[in-house]
Enquirer: 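My structure is below; once you've seen it, I'll send some questions.
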Amino acid sequence: MDEPRLKLAIQKSGRLTDPSLDLLARCGLKISRGKDQLMAFGENMPLDVLFVRDDDIPDLVQEDVCDLGLVGLNVLEEKRLELAARGHPVRFQSLRTLDFGRCRLALAVPQEHPYEGAASLRGRRIATTYPYLLEQYLRERQVNAEIVTLSGAVEIAPRLGRADLICDLVSTGSTLQANHLREVETVLESHAVLIRTPLALAPLKGEWVERLMMRIDGVQQVRESKYIMLHAPRAALAEIRRLLPGSESPTIIPLEGSPDKVAVHAVCRENVFWETLERLKQAGASALLVLPVEKMLN
Ligand code: ATP
Ligand code: ZN
């Protein structure tokens, strides 16, 4: 019998597509994908990738059409509220927070408009593609405002006279600036999430989900981690260990012919900046070397 294959849904074309494919590649997945194809076959894992609109991902996973999905928390939370409002159970499960797709759902007002906290929203018209998240935000602050639900191009709604302000996704803020809008409140901090079906997986599929999650953890740790090597006088060891950023237990190696010196090797779980190297050098370290980490498994 053929091995059962996992189906993973990712965004077909948009901001999450490249980082999702990059994450899968770093997890060791090789896929063959023709242009415009809806599905790609995993050549070295029993896992196929389905390319869809990001808004469809929660439903596809919830309804067990796909076993896994990579989607923004913003889309997921909006869906969660929508399902609840319709009296439907929320059944998809979040497995991992991912380190890409960072953005925030924010309220923004026209640049010249004054804003003095949530009370300034009272009686206003707010344009958004996230009506449920916005409704929850307003309800929690006991503010009555009109929600104008649009399917896109939210940032031009104030200029068109369709709304007084907007609630939209922001990352750098350059789109807001280009539209003469000023960010005033954060409604939701977002990032990509790995979700799974509510149904039990066949044993082999379940094992692959576990392996995939372990590899994702490894990939995410590695992105920030560095391997640092240096020589240090034994007398300065305590100070040097204190300066090493985010490292647990460095390896200390004696140096042949230099009894008062040792080599220190450590994995640092954060980026190592020039300032840190300069401080280590001041503390007596020499022959400093910082290397990127390729893979990590804990
Ligand atoms: P689709 O055709 O798949 O529906 P879309 O227009 O909804 O595409 P994109 O603009 O590509 O989607 O955004 C996809 C996701 O990327 C968002 O839901 C959000 O989680 C994330 N994202 C990250 N940064 C931003 C940003 N600056 N603006 C909008 N979305 C962002
Ligand atoms: Zn979308």
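In each ligand, atom 1 is the first atom listed, and ligand 1 is the first ligand listed. Values reported hereafter were calculated over all heavy atoms of this structure, with side chains retained and with hydrogens, waters and symmetry mates removed. Keep in mind that this is a model prediction, so the values were computed, not measured.
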Enquirer: Tell me the protein heavy atom at minimum distance from atom 27 (N) of ligand 1, and give that distance in Å.
Expert: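 Checked against all protein heavy atoms, atom 27 (N) of ligand 1 sits closest to Ser171 OG, 2.7 Å.
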Enquirer: When you look for heavy atoms under 4.0 Å from ligand 1, do you find them on the side chain of Val71, its backbone, both, or neither?
Expert: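 The answer is neither; Val71 stays 4.0 Å or more away.
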Enquirer: Just need the protein heavy atom nearest to atom 2 (O) of ligand 1, so name the residue and atom and give the distance.
Expert: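 The answer is Arg53 NE, 3.4 Å.
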Enquirer: Hey, is the main chain of Ala108 close enough, under 3.5 Å, to the side chain of Glu183 for a donor-acceptor pair?
Expert: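 No, Glu183 side chain to Ala108 backbone: no donor-acceptor pair under 3.5 Å.
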Enquirer: Run through the protein N/O/S atoms less than 2.8 Å from the Zn ion (ligand 2) and write them out by chain and number.
Expert: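 Hits for the Zn ion (ligand 2) below 2.8 Å: Asp54 OD1, Asp55 OD1.
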Enquirer: Hey, does Val187 have a side-chain heavy atom less than 4.5 Å from the side chain of Cys167?
Expert: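 Side chain of Cys167 against side chain of Val187, heavy atoms only: contact under 4.5 Å found.
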Enquirer: Does the protein put any heavy atom within less than 4.0 Å of atom 6 (O) of ligand 1?
Expert: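 No, no protein heavy atom sits under 4.0 Å from atom 6 (O) of ligand 1.
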Enquirer: Residues sharing Val264's hydrophobic cluster, by side-chain heavy-atom contacts under 4.5 Å among ILVMFWY, directly or via others?
Expert: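 Reading the cluster by chain and number, Val264 sits alongside Ile228, Leu230, Leu237, Ile240, Leu243, Leu244, Ile252, Val262, Val272, Trp274, Leu277, Leu280, Leu288, Val290.
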Enquirer: Any idea which part of Gln11 is under 4.0 Å from ligand 1, heavy-atom wise: side chain, backbone, both or neither?
Expert: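 For Gln11, only side-chain atoms sit under 4.0 Å from ligand 1.
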Enquirer: For Gln11 and Arg53, does a side-chain donor sit closer than 3.5 Å to a side-chain acceptor?
Expert: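 Not at all, the side chains of Gln11 and Arg53 share no donor-acceptor pair under 3.5 Å.
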Enquirer: Could you tell me whether ligand 1 has any atom less than 4.0 Å away from a heavy atom of Arg102?
Expert: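 Under 4.0 Å: yes for Arg102.
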Enquirer: So, His265 versus Tyr227, ring centres under 6.0 angstrom or not?
Expert: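 Yes: the rings meet the under 6.0 Å criterion.
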Enquirer: Quick one: does ligand 1 sit under 4.0 Å from the side chain of Asn74, the backbone, both or neither, non-hydrogen atoms only?
Expert: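 Near ligand 1, Asn74 shows its side chain, while the N, CA, C and O stay back.
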Enquirer: Identify the closest protein heavy atom to atom 14 (C) of ligand 1: which residue and atom is it, and at what distance?
Expert: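 Of every protein heavy atom, Asp54 OD2, 3.4 Å lies nearest to atom 14 (C) of ligand 1.
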